[in-house]
2 protein chains.
Amino acid sequence: MHDTSEPRPHTGRRRNEAARRAILDAGLGLLADADGAPVTVETIARAAGVGKQTLYRWWPSKGAVLLDALLDRAAQDVPAPDTGSLQEDLRAVVTATFESAQRSPSGPALRTLVREAARDPRLAELLRTFTESRRAAVRTVLERGRERGELPADQDVDLLVDQFYGLFWYRFLLGHAPLDRPTALRLADSLLGQASPERP
Amino acid sequence: MHDTSEPRPHTGRRRNEAARRAILDAGLGLLADADGAPVTVETIARAAGVGKQTLYRWWPSKGAVLLDALLDRAAQDVPAPDTGSLQEDLRAVVTATFESAQRSPSGPALRTLVREAARDPRLAELLRTFTESRRAAVRTVLERGRERGELPADQDVDLLVDQFYGLFWYRFLLGHAPLDRPTALRLADSLLGQASPERP
DNA sequence: CGTTGCCGAGACCGCTAGTCTCGTCAAGGG
DNA sequence: CCCTTGACGAGACTAGCGGTCTCGGCAACG
């Protein structure tokens, strides 16, 4: 049995923090405008002025690097607003989600990352925790509203969560329809079974 | 200018229909149980007992072969039921969509195909016509209902279509929640703003 | 000042989509 | 009947990918 807490403090050269930053920045940068240039390990390393081995010394795969690059910028804690009004809370969450998806460079980066995850099960697993915390926030808002009686007691909350995030990802990835503020308000109201006029 | 209608009837050996069938069957078969074996051009050709060039002689890319294999089995015409009741029609469409997605081998094949499309823009474009005809059927049902006054005149029909297909693809691809009959009925009613009890 | 371990660089491996080139084989037309 | 045409199976080949391996150099400690 070895001592688990640092049997040997550390010897030799330390990790280059500048290289770490350069890799994350290059990763997010390439991810954001992945229109022309493909985001490969080679291009990330080259853009960061770094050897490929340095990259693989600290991350297990390309996807892990890119996810780290995204998380480096994305808000880690997801707020679940609690104003006392379900409609108000839900509108806020939906609007905030739509808006953050439009922002550069995180928006395009997330899009590229999800497409990569479609073929890389390890990356898909890593992305799950990212999305799950966001799903949980919406579920919290809905359940608080249900407890206040603003939703039928037997309402299937998971169905509503998936109606929201399903539509979000559908439009985010395909880009066939907007994710703007009016859409956000209409969607929030639609989920609550409210009248949802096109012109409020 | 040449005569567009067969300037030269045809000479030489004709296309081998058996090879075409073997390729499509092998493609769908591999697509359906893509758990272990990866669906590569090599494996398709080998499973069909065919040279790779035969495959590329008739299809422009691997994705085109796989999509053809899927379309070969999938219903090409998408019915838009018209019973006179929006709720009834929508329930039918949603239920039918969920059910056909569970069927083998088309269901798993479609799942794999969409994942491939995430990285192959050409395949994504080919898939668009497949999905668009299905979106159109749902839109038709909803618009008929709106004309009958079963939906507010200013209802955003595209938002409803995306709430449905968004949730469908979301659950279909991630598999985190069921696409069964009760879910279909609840979703259809939820879209119409009906009370949607868990126990109808 | 020597050991340790990170650094950049790039060769290398295995796998993939897609191309090219064989020799072969079938369906006509002369 | 045989010759031209073009599809056929087989497989070598190219280019690009993720990931590994090895190298000489360099920085941080004891």
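Residue numbering restarts at 1 for every chain, and letters A, B, ... go by the order of the sequence lines.
Mapping D120(B) and G12(B) onto DNA chain C via the closest heavy atom, the residue that lands nearer the 5' end is D120(B). Residue A48(B) is the one, among A48(B) and R119(B), whose nearest nucleotide of DNA chain D lies closer to the 5' end (criterion: closest heavy atom).
The side chain of R122(B) places an N or O atom within less than 4.0 Å of a non-bridging phosphate oxygen (OP1 or OP2) of dG18(C). Look at R14(B) and you'll find a side-chain N or O under 4.0 angstrom from OP1 or OP2 of dG28(C). Residue T11(A) has a polar side-chain atom (N or O) positioned under 4.0 Å from OP1 or OP2 of dG5(C). Residue T54(A) has a polar side-chain atom (N or O) positioned under 4.0 Å from OP1 or OP2 of dG8(C).
Side-chain atoms of R13(A) and base atoms of dC7(C) include no donor and acceptor less than 3.5 Å apart.
Salt bridge present: E17(B) and R20(B) bring a charged side-chain N and a carboxylate O closer than 4.0 Å.
A distance-only check finds no donor-acceptor pair linking the side chain of R103(B) to the backbone of P108(B) [under 3.5 Å]. Remark: side-chain polar atoms of T183(A) are not paired, donor with acceptor, to backbone N or O of L179(A) under 3.5 angstrom. Listed for the T131(B) side chain is a donor-acceptor partner under 3.5 Å among the backbone atoms of R128(B). Side chain of T97(A) to main chain of V93(A): a donor-acceptor pair is present (N/O by atom type, distance under 3.5 Å, no hydrogens or angles). A donor-acceptor distance shorter than 3.5 angstrom exists from the side chain of E150(B) to the backbone of L86(B), with no hydrogens or angles considered.
What separates CG of L30(B) from P of dA17(C) is a distance of 12 Å, to the nearest Å. Taking atom CZ of R20(B) as the reference point, atom P of dC8(D) lies 12 Å away to the nearest angstrom. Rounded to whole Å, atom C1' of dT3(C) lies 12 Å from atom NE2 of H10(A). We find that CG of L123(A) is positioned 16 Å from C1' of dG19(D), with the value rounded to whole Å. Following rounding to the nearest Å, L55(B) (CG) and dA7(D) (C1') show an atom-to-atom distance of 14 Å. One atom, CZ of R15(A), and another, C1' of dT4(C), lie 18 Å apart when rounded to the nearest Å.
Taking the six-membered ring where tryptophan is involved, the planes of F168(A) and F164(A) are tilted, since the angle between them lies from 30° to 60°.
Here the OG1-CG distance, from T140(A) to D82(A), works out to 10.0 Å after rounding to the nearest 0.5 Å.
Seen from the ring of F130(A), R134(A) counts as a face-on cation partner, given the 6.0 Å and 45° thresholds.
DNA chain C is contacted by Y56(B), S61(B), K62(B) of residues 56-64 of chain B, taking any non-hydrogen atom closer than 4.0 Å.
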Output one line per pair: protein atom, nucleotide atom from nucleotides 9-14 of chain C, and distance, for all N/O pairs under 3.5 Å.
none

